[in-house]
Every structure is written in C-alpha cells, then in structure tokens.
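Within every chain, numbering begins at 1; the chains are lettered A, B, ... in the order of the sequence lines, protein sequences first and strands thereafter.
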2 protein chains.
Amino acid sequence: MTAVIVAGIGQTPVGEHWEISLRDLARDAMREAIRDSGGMQPQSLFVGNMLAPSLSNQAHLGPLLADHAHLTGIEAVTLEAAGASGGAALRQGYLAVASGMVDVALVVGVEKFPDRIGAEVETALATTTDSDFEAVQGLTPTAQAAMLMQRYLHEHKVPADGLAGFALIAHANAEGNPNAMFRKSIKLESYVQAPFVNEPLRQFDVAPIADGAAAVVLARAELLPKDPRRPLVRIAGSASTVDTLSLHDRRDLLQFECCRLSSEKALKQAGVPLESLDFFEYHDAYSIYAALALEAVGFAEPGLGWKFAADGGISLSGRIPAATMGGLKARGFPGGATGVYQAVEATMQLQARAGVNQIKDAKCGLIQSIGGPASTVISHVLQTVA
Amino acid sequence: MTAVIVAGIGQTPVGEHWEISLRDLARDAMREAIRDSGGMQPQSLFVGNMLAPSLSNQAHLGPLLADHAHLTGIEAVTLEAAGASGGAALRQGYLAVASGMVDVALVVGVEKFPDRIGAEVETALATTTDSDFEAVQGLTPTAQAAMLMQRYLHEHKVPADGLAGFALIAHANAEGNPNAMFRKSIKLESYVQAPFVNEPLRQFDVAPIADGAAAVVLARAELLPKDPRRPLVRIAGSASTVDTLSLHDRRDLLQFECCRLSSEKALKQAGVPLESLDFFEYHDAYSIYAALALEAVGFAEPGLGWKFAADGGISLSGRIPAATMGGLKARGFPGGATGVYQAVEATMQLQARAGVNQIKDAKCGLIQSIGGPASTVISHVLQTVA
C-alpha cells in the first residue's frame, strides 16, 4: 500500500461569513491547499458537509465545488456523517490514494449556517440524531450532551465547574490562531457566570457553530519532492467506527466506545503507542465530549478526564496538548468542515507552522472527528516521515 | 491491487412502501446480501442516499443503518451525489476493498419518499440542482430534462414520439422482474396518449420516484471459495467524473460529456473494449438521459440514440441490451438506491440469475449512475472471473 502524504493545506477563518457563499468559502480553502502543495492537480475531490441540503437547499456539492474550483472532469462526491463528515471525507481521500487508483486527492470540508438562526438550525442539527425515536421527542444534540454531562457530574461526583478546564485551554490556544473565531482567553469566573444553555451545560461548554472551510491535498509519497522544503507529513493510520445512533441503545452512556475503538485501530495501523503521541485534536463540540474522549482514548481513567484537563494535562506544555489551535470550542465548530480543520492544524504542528502555539518537536498526532454522541468516530494518526 | 468481487446481492421490491420505514428497507436488503454472500462479515458499510435529510428528517444514516443491521463497531458512512449516490457508495466500497484496508465492504443504497408528495418532493429534488442559480428560478430536474428533450427534438429533427423506444423496452423488461414497480408492457399508443409532465416530456419519459433498497457485499478475491457455486463476478473498472452542476455552464447541452469520460475510464481500467460489453445499465431517469447516454458512451452517433432504441438496439436480443430488468423507468427510480440496484441486476445477469430476462452468455456489463443532468457520472464494469 502506497504511503499517503498531506501535500498541501488550506483554510478560511472560522466565523460568521454573512457575505461569503458556501461555494466561495470552499473554493478559497481548496485554492490555498493546491497552492500550498505546489500546484498539484487532484483527480478526486471528497467533500465533507453536514447540513447544506437542509440549511442552504444545496445537495450535490461534488460537481458544484469541483466546477467552482475549475476542476470539472475529475471525481467529486460528498461524505456525510454528521459532525464527523470532515473526518469521513479525509478518510475517503486517504482510501482513494492508498488504493493506488488515485495519485492526488483533494479533501474539502465546508459548512455554512446561512441567514437562518435559532430553532431552524437546531432542527436541522436534530436530523443527525435518530429522527423517529429521538428528534421526534424534541431531543437535540445539545440536549443529549446536557444529559451526558448531568450523568457524568452525578456519577463521578464532579464539581459544577469541574469541566471548565476544556474551555479555558481552548480559548487560551485560540488567542494564537489567526483563523480562530474567538481569539481571547477566558477566566474561570466567565465560565461559571455564563448562562445555562441546557442545564448543566453552560455557554462555555458548547462549541459555537460557525462558517468555514478547510482543505488538504493528499498524494502518493512517490510524487513528493525528494528534498522537500518542509518535513513530509503522512497519514500513518486511519480508522472509522460507528456505535448506535441513539443514546438509549447504549450499554453505558459515559463510555464513548468508538473513541476508544477507532483510535486503537488507527494507532495500531500506524504502529504508534499512545505514549508516543505529541498532541490530540479531539472533537470538543461539548466539553463533556472532550472529557469522555480523553478517557476513552486512554489519557485519563474513567471519570477523571475533567481532572486531567483541570490539572493542565491538555495545555500546550502538558502531558498531551489538545485543541492546540483552539479546538471546536474557540477556533469554532464549522460542522462538516471540522474534521478537515483538524487535519490542517495537525499538519501545521508537524511542519512547525503553528506559530506561537507550536508544540516543540511534534512528530506525531492523533485527530478524532465525531458525529453525534460518538455515534461515528473517525481517527487519523498523522506523522512526520523520518 | 486486490481484485474486488461482488460476493453477495440483495434487494427489496421497488414501489410505494408506506408501511416500511427507511431503516427497515435498508436492513432487508443488507440482510439478503449478507446471506447471499454466505454470511460474510463486513468491516465497512457505505450508504448511498439522496434525500433522507430533507424528506425523512434523517441524516447520519451510517450508524443508524449499521446498528439496525447489528453491525455496530464497523465503519459506516453516507455518500451523496444526487441520483448517483448509489453509484458513489458502490465506488467507495470498491476503493475500500481495493486499497487493501478493508476485506469485506457492504454497500447499501436506500431511498424512501415518505408521507409527503408533489411539490415538497420536487422542492427536495431541486436541491440537487444549483440552488443559487437554477432552483431559485424554479428549475427542477424534470424541467431540466424537458429543456434537454426539447433541444434534442429540435436539433436532430426527431419525431414527437421518437423517444418512445426507451419506455417500451423498459416496461417489456420489467414484466419479467418480480422486484419491478411496473410489471407490465406498454404500447406506443399509451406513450403518445400519456399527458405531458413538462412539455415535451410525457408521463412515460419520466421514471417514477419510488421506495427501495439494494445492497451488495464486496470482498477481496482471496476470501472467496476456490470452487464457487456460481461464477465469480468482479468489479473490473470503476470511474467517477463530474461536469458542471448547472446546465447553463455547458458548452453543448446535448453532450453528456461525463457519460463518455467515466465509461471510457472504467472500460480502460478493465481492459474491455466497448464491443465486448454484453449489456449496459444506463440511468434512464428520463428517456432523454438514456438517448444521450447511448450516444456519449459510443453505442450511437450523436442525434441517433433514439433511433438505435426504436430499432431494437437495446432490447434483450439487440446489439446492447439496456434496462434489462426494467431500468429506472419501469423497475422504478428509488433515488440514491438506484446505482446499487444496477450492480445487483448486473450481477444477476453475469451469474445467470436473471430469469426470463437472462441475456445469454453474459460475461461483461457496464453500469452507469447519474446525478443531475450528467453532472456526476459514475461507471462500473462488472465481469465474470475467467
């Protein structure tokens, strides 16, 4: 199997881009990734998107975005796996190149929450839950997360402000990311005083939905220059797994089983022990997701992920830096683009392009894209080529 | 690259399944395919679906359908490419196995048009066009097809009933398919007397949208028995290409350029000349699509596809049998399931399981899945293993 290299990266700032269309956002990220790759010409385009059919009345993004990037004639298709759509597109790009069928693949994640707000967006987001048994009862992803957090606080006797560490670190890191939505640190008081979104979930426990696009060019190793100007980064492991879609079918609400399973598979394929990871980009759509992911992947004992974060374990100089560019919480959560942002940011760390947020001598990182309450979990191990 | 075998097939009848849910439809097809494969256990599930997020408020089908088939823990993700979603899922299954990363992949296409009819469905279908420039003007896929047909009749001086051949053959073939929606032949008079849907498009020029699910199990050749009870069928070629999404960006409305390009690529990969094909499952969502596909792939000169059909070139005993089990027109058009139905039907032909519709000594077939007006075209060559 051929080695798959991240040959170029691109991203737009994350935020409320009222004046930029979905197709333009995607094009900007794709252009930047192609330019960054030295002008490689992709044969395939894999699009990660979550809600354009519902919120922008726009399905069939493959030809739309390929055409908009002057790439007609190539392959182009959309991957959907709720919040993990970006990770799904990344994995399909990886499989296409790994199969030997495609030399160069372009992966773009894009999301735009257009001129509709509030209930309409929450209704669209609720289509990612089990429509017949969950959404129909009024259960939304945010309500699911609130239930999980309530259970977590109760079961493990966690103080009410116990999960604050995730937001504090994310916001501190976003300060150094010019593409982040919220480039400012917050204090514990801000966390505690913020209003409830859905008790016990407070404002800073929830990542902000936002517009954005990110792209990577993936290529066969043989196509890369022998003497590259930057360290080559390869996708050393890739795994995608699903759990039940609905929470009520889980044996244990607080075990994000597929966070464990998919990271184990990806690490095994890469031949990388957990201890060798230099950073972990988790999917902190909600702070409780971050806690459960840390525990499931194996960085903290069950019930102690919050403590691990509170004690600085995930800070840039901690045991395993997480959300190194602000994470979903403070870089922002552009739906189906998120998993591709993770790949872009991991590549920046591995190529020493992360600026003030640079992790010293980063050689290997794990990124994890989640759809629903870990209903879909897609993990990738990115590594510098020795 | 490992050879990819169609190890099992399954399908539900196509029709109006008011009493069967989307998840049950998909499960029935998946179960049958797994049973047909002798109980192979897939590691990956690729779902082809077009409109469940809009029409059933249900996105994130991967974990939903994997769980419903008792397959949690595996990979599962949805592919969307409008009417070509089934072909897209088939191709991703193919890439996954061809890459060597996955031994056994399950591909399911499913579509359900629930308790909403008429304008709402047409609005949902219109999300597959260019929303900002086409749908916003009221242009739907059917209106696009009417424009193409009008241009075709005018440009090539085709008689008003010139395209009847496609519906006549499709309905004749559907008679012999127990899973078809319309199991009855029609006469030329019925075609001519049918009301206009969108002039010059008459009722029998339009494939009926319908509910249905189809599934295939794809596996590495090494996993198949050395002495199988049926001829082994492999995917010998796979190609996916996109044109502009919008019709107004085309140089020539009547050239389905990507029908040509993707079939050329797939045939080249398979090492199969056009003349060696024993049948062609085209995507006859509209009779004009069938005519343009025949011409683009190379079975008829430009402007003469209708004549080729009228002269019996596509009948079961003709030069290149098409719509051998009824096609979209008479088997029915279950949206994103359609491309997988094609793979199931092609496998039936190649394994001599097509009953009264069996093409004698069929060894090699081309199937083509189309999204929009050939905006996405995905071609596969299926072949018996010598």
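Chain B forms the most heavy-atom pairs under 4.5 Å with one residue out of A/Leu95, A/Thr244, A/Ile74, and that residue is A/Ile74. With chain A as the partner, the residue from B/Leu61, B/Asp243, B/Leu45 showing the most heavy-atom pairs under 4.5 Å is B/Asp243. Contacts with chain B were tallied for A/Val77, A/Leu65, A/Leu71, A/Leu51; A/Val77 has the most, counting heavy-atom pairs under 4.5 Å. Contact count against chain B (heavy-atom pairs under 4.5 Å) is highest for A/Arg91 among A/His68, A/Arg91, A/Met50, A/Glu257. Annotation: maximal heavy-atom pairing with chain B below 4.5 Å, among A/Ala81, A/Ser44, A/Gly62, occurs at A/Ala81. Counting heavy-atom pairs closer than 4.5 Å to chain B, the top residue among A/Thr78, A/Thr123, A/Asp249 is A/Thr78. Residue with the most contacts toward chain B among A/Asp130, A/Ile378, A/Val377: A/Asp130 (heavy-atom pairs, distance under 4.5 Å).
Of the two parts of A/Leu22, neither the backbone nor the side chain holds a non-hydrogen atom closer than 4.5 Å to a non-hydrogen atom of chain B. Of the atoms belonging to A/Ala135, not a single heavy atom falls under 4.5 Å from chain B. When heavy atoms are compared at a cutoff of 4.5 Å, A/Thr129 approaches chain B solely by way of its backbone atoms N, CA, C and O. Using a 4.5 Å cut-off between heavy atoms, A/Asp132 contacts chain B through both its backbone and its side chain. Interface remark: B/Val136 contributes no atoms to any contact with chain A (heavy atom separation under 4.5 Å). Using a 4.5 Å cut-off between heavy atoms, A/Leu79 contacts chain B through both its backbone and its side chain.
The distance from atom OG1 of B/Thr72 to atom CG of A/Leu261, rounded to the nearest 0.5 Å, is 9.5 Å. Annotation: the span from B/Phe133 atom CZ to A/Arg23 atom CZ amounts to 5.5 Å, rounded to 0.5 Å. Between atom OG of residue B/Ser131 and atom CG of residue A/Leu64 there is a gap of 9.0 Å, rounded to the nearest 0.5 Å. Atom OG of B/Ser54 is separated from atom CG of A/Asn57 by 8.0 Å, given to the nearest 0.5 angstrom. With values rounded to the nearest 0.5 angstrom, B/Glu75 atom CD is found 7.5 Å from A/Ser238 atom OG.
Nearest heavy atom pair, residue A/Lys265 against residue B/Gly73, reads NZ-O, 4.0 Å. Residues B/Ala76 and A/Ser240 share a closest heavy-atom pair of N-OG, 4.5 Å.
Of the candidates A/Thr127, A/Thr376, A/Thr128, B/His60 forms a side chain to side chain donor-acceptor pair (under 3.5 Å) with just one, namely A/Thr376.
Within 6.0 Å of NE2 on B/His248 lie more than 12 heavy atoms contributed by other residues, nucleotides or ligands.
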